[in-house]
A.B. asks: 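Let me give you the structure first, and then I'll get to my questions.
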Amino acid sequence: MTEGTTSAAAEGADTLTRLEQEGEIAADYLEGLLDIADLDGDIDMDVEADRASVSIISDAGGRDLQKLVGRDGEVLEALQELTRLAVHRETGDRSRLMLDIAGYRAKKRAELSELGAEAAAEVKSSGEPKQLKPMSPFERKVVHDAVKAAGLRSESEGEEPQRFVVVLPA
């Protein structure tokens with residue numbers, strides 16, 4: 001191996017170690033939260049797309065965990081931010097950690113990928129741009145990825161919280 005390859009491999013290993021550490025800190029924080037709230041849930045940690053990913057899952061169907069998701073994922077978003085702050089407090093580094101509870105984000109990701117693909121197909125056939133409803137940053141990212149996979153491009157427009165995706169013709 002060349003010196004550049006060796007340092008790139010070491011940098012990749014350092015990043016993986018840092019992301020695993022973020023996941024462990026987040027898991028500890030969330031376990032404490034579950035204890036305080038007297039909710040049952042198992043913590044699953046992973047590293048996906050250069051960010052730590054932590055999921056809270058339940059064998060009991062996740063009805064109790066729905067309280068932690070809230071309406072339209074609002075509580076989940078707040079818990080994700082609190083968890084990121086807990087990681088930041090421990091590491092001193094900004095975290096891009098993703099939190100999923102009871103499979104809410106995974107389900108939402110699948111729905112949004114389908115929405116993005118359908119919008120791209122509509123734009124391909126009509127040749128006209130298509131504006132989608134306002135979305136959170138997570139939702140817009142998933143739609144942008146689906147549009148890109150369909151071979152088109154998209155842009156975000158507007159101001160938070162009314163920021164939306166526009167799918168553009170080729």
Side-chain angles (χ1 to χ4, degrees), residues 19 22-91 93-123 129-150 152 154-168:
L19 293 174
E22 281 187 22
E24 289 174 18
I25 293 166
D28 289 345
Y29 175 78
L30 292 165
E31 283 175 5
L33 179 79
L34 289 173
D35 288 344
I36 291 168
D38 196 28
L39 296 172
D40 289 328
D42 295 322
I43 310 286
D44 184 34
M45 296 180 296
D46 200 1
V47 174
E48 298 173 358
D50 293 331
R51 65 172 56 186
S53 174
V54 178
S55 300
I56 302 175
I57 53 177
S58 173
D59 294 335
R63 281 206 170 101
D64 284 345
L65 293 181
Q66 291 305 317
K67 297 171 188 172
L68 298 179
V69 173
R71 191 183 84 224
D72 297 327
E74 290 173 339
V75 177
L76 170 59
E77 290 289 337
L79 289 173
Q80 177 175 278
E81 286 308 309
L82 289 172
T83 305
R84 287 177 174 176
L85 286 171
V87 170
H88 181 264
R89 185 184 67 225
E90 291 289 322
T91 65
D93 295 326
R94 183 177 175 273
S95 174
R96 294 178 52 234
L97 176 130
M98 288 296 292
L99 175 63
D100 191 6
I101 299 174
Y104 176 83
R105 272 202 208 278
K107 180 181 173 196
K108 192 77 170 169
R109 180 178 278 121
E111 291 170 359
L112 290 165
S113 290
E114 187 175 322
L115 173 70
E118 288 171 0
E122 187 177 322
V123 169
K130 179 169 176 72
Q131 177 179 317
L132 303 178
K133 66 178 178 58
M135 298 178 193
S136 71
F138 161 75
E139 293 169 330
R140 290 193 311 270
K141 170 77 168 99
V142 173
V143 171
H144 285 305
D145 290 347
V147 169
K148 184 177 179 182
L152 293 181
S154 57
E155 297 175 351
S156 290
E157 295 183 4
E159 298 292 323
E160 293 293 350
Q162 296 299 314
R163 202 152 164 80
F164 56 91
V165 172
V166 177
V167 181
L168 303 165

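Not measured: the values here are computed from a predicted model.
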A.B. asks: With sequence neighbours left out, write down each residue that passes side chain to side chain contact (heavy atoms under 4.5 Å, CB included) with Val75, or none if nothing qualifies.
C.D. replies: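 Testing Val75 for side chain to side chain contact (heavy atoms under 4.5 Å, CB included), a comparison that skips the adjacent residues, returns Leu79.
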A.B. asks: Please answer whether the main-chain N or O of Asp40 pairs with a side-chain N or O of Asp64 as donor and acceptor at a distance below 3.5 Å.
C.D. replies: no
A.B. asks: Could you give the distance from NE2 (His88) to CG (Leu97), rounded to the nearest 0.5 Å?
C.D. replies: 13.5 Å
A.B. asks: Does a side-chain heavy-atom distance below 4.5 Å link Leu30 with Val54?
C.D. replies: yes
A.B. asks: Do other residues, nucleotides or ligands put more than 12 heavy atoms under 6.0 Å from Asp50 CG?
C.D. replies: no
A.B. asks: Which atoms form the tightest heavy-atom contact between Ala106 and Asp100, and what is the distance?
C.D. replies: N-OD2, 3.3 Å
A.B. asks: Does Gly158 offer a backbone N or O that forms a donor-acceptor pair with the side chain of Arg163 under 3.5 Å?
C.D. replies: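 Yes, because the side chain of Arg163 sits within donor-acceptor range (under 3.5 Å) of the backbone of Gly158.
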A.B. asks: For Met98 and Arg109, which heavy atoms make the closest approach, and how far apart are they?
C.D. replies: CE-NH2, 4.5 Å
A.B. asks: Working to the nearest 0.5 Å, report the span between OG of Ser136 and CD of Glu74.
C.D. replies: 10.5 Å
A.B. asks: For Ala117 and Ala146, work out which heavy atoms get closest and say how close.
C.D. replies: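 The answer is N-CB, 4.1 Å.
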A.B. asks: Side chains of Leu115 and Met135, heavy atoms from C-beta outward: is any pair under 4.5 Å?
C.D. replies: yes
A.B. asks: If you apply the rule side-chain contact (heavy atoms from CB on, under 4.5 Å), what do you find for Gln80 with Phe138, and how did you get there?
C.D. replies: CA-CA 12 Å; Gln80 177 175 278; Phe138 161 75; over 6 Å; no
A.B. asks: Would you compute the distance between atom CG of Leu39 and atom CD1 of Ile101 and round it to the nearest 0.5 angstrom?
C.D. replies: 9.5 Å
A.B. asks: Are any side-chain N or O atoms of Ser55 and backbone N or O atoms of Ile57, one a donor and one an acceptor, separated by less than 3.5 Å?
C.D. replies: no
A.B. asks: Would Leu82 and Tyr29 satisfy side-chain contact (heavy atoms from CB on, under 4.5 Å), going step by step from the backbone distance to the final call?
C.D. replies: CA-CA 9 Å; Leu82 289 172; Tyr29 175 78; 3.5 Å; yes
A.B. asks: If you compare all heavy atoms of Arg94 against all heavy atoms of Arg96, which two are closest, and at what distance to 0.1 Å?
C.D. replies: NH1-CG, 3.7 Å
A.B. asks: Atom CG in Leu99, atom CG in Leu68: separation rounded to 0.5 Å?
C.D. replies: 9.0 Å
A.B. asks: Measuring from atom CE of Met45 to atom CG of Leu19, what distance do you get when rounded to the nearest 0.5 angstrom?
C.D. replies: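 Rounded to the nearest 0.5 Å, the CE-CG separation comes out at 12.0 Å.
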A.B. asks: Determine whether the side chains of Ser154 and His144 contain a donor N or O and an acceptor N or O closer than 3.5 Å.
C.D. replies: yes
A.B. asks: With side-chain contact (heavy atoms from CB on, under 4.5 Å) as the test, would you mind laying out the steps for Ile43 and Leu34 before giving the verdict?
C.D. replies: CA-CA 10 Å; Ile43 310 286; Leu34 289 173; 4.0 Å; yes
A.B. asks: Go through the steps for Phe164 and Glu157 under the test side-chain contact (heavy atoms from CB on, under 4.5 Å), then give the verdict.
C.D. replies: CA-CA 5 Å; Phe164 56 91; Glu157 295 183 4; 3.8 Å; yes
A.B. asks: With sequence neighbours left out, which residue pairs that include part of residues 140-150 fulfil the salt bridge (Lys or Arg N to Asp or Glu O under 4.0 Å) condition?
C.D. replies: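 As it turns out, the salt bridge (Lys or Arg N to Asp or Glu O under 4.0 Å) pairs with a partner in residues 140-150, which skip direct neighbours, are Arg140-Glu160, Lys141-Asp145.
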A.B. asks: Measure across Ala120 and Ala150 and return the closest heavy-atom pair with its distance rounded to 0.1 Å.
C.D. replies: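 Nearest pair, atom of Ala120 first, then Ala150: CB-CB, 3.6 Å.
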A.B. asks: Please name all residues satisfying salt bridge (Lys or Arg N to Asp or Glu O under 4.0 Å) with Glu81, sequence neighbours left out, ordered by chain then number.
C.D. replies: Arg84
A.B. asks: Quick one: closest heavy-atom pair of Ala119 and Leu132, and the distance?
C.D. replies: CB-CD2, 4.1 Å
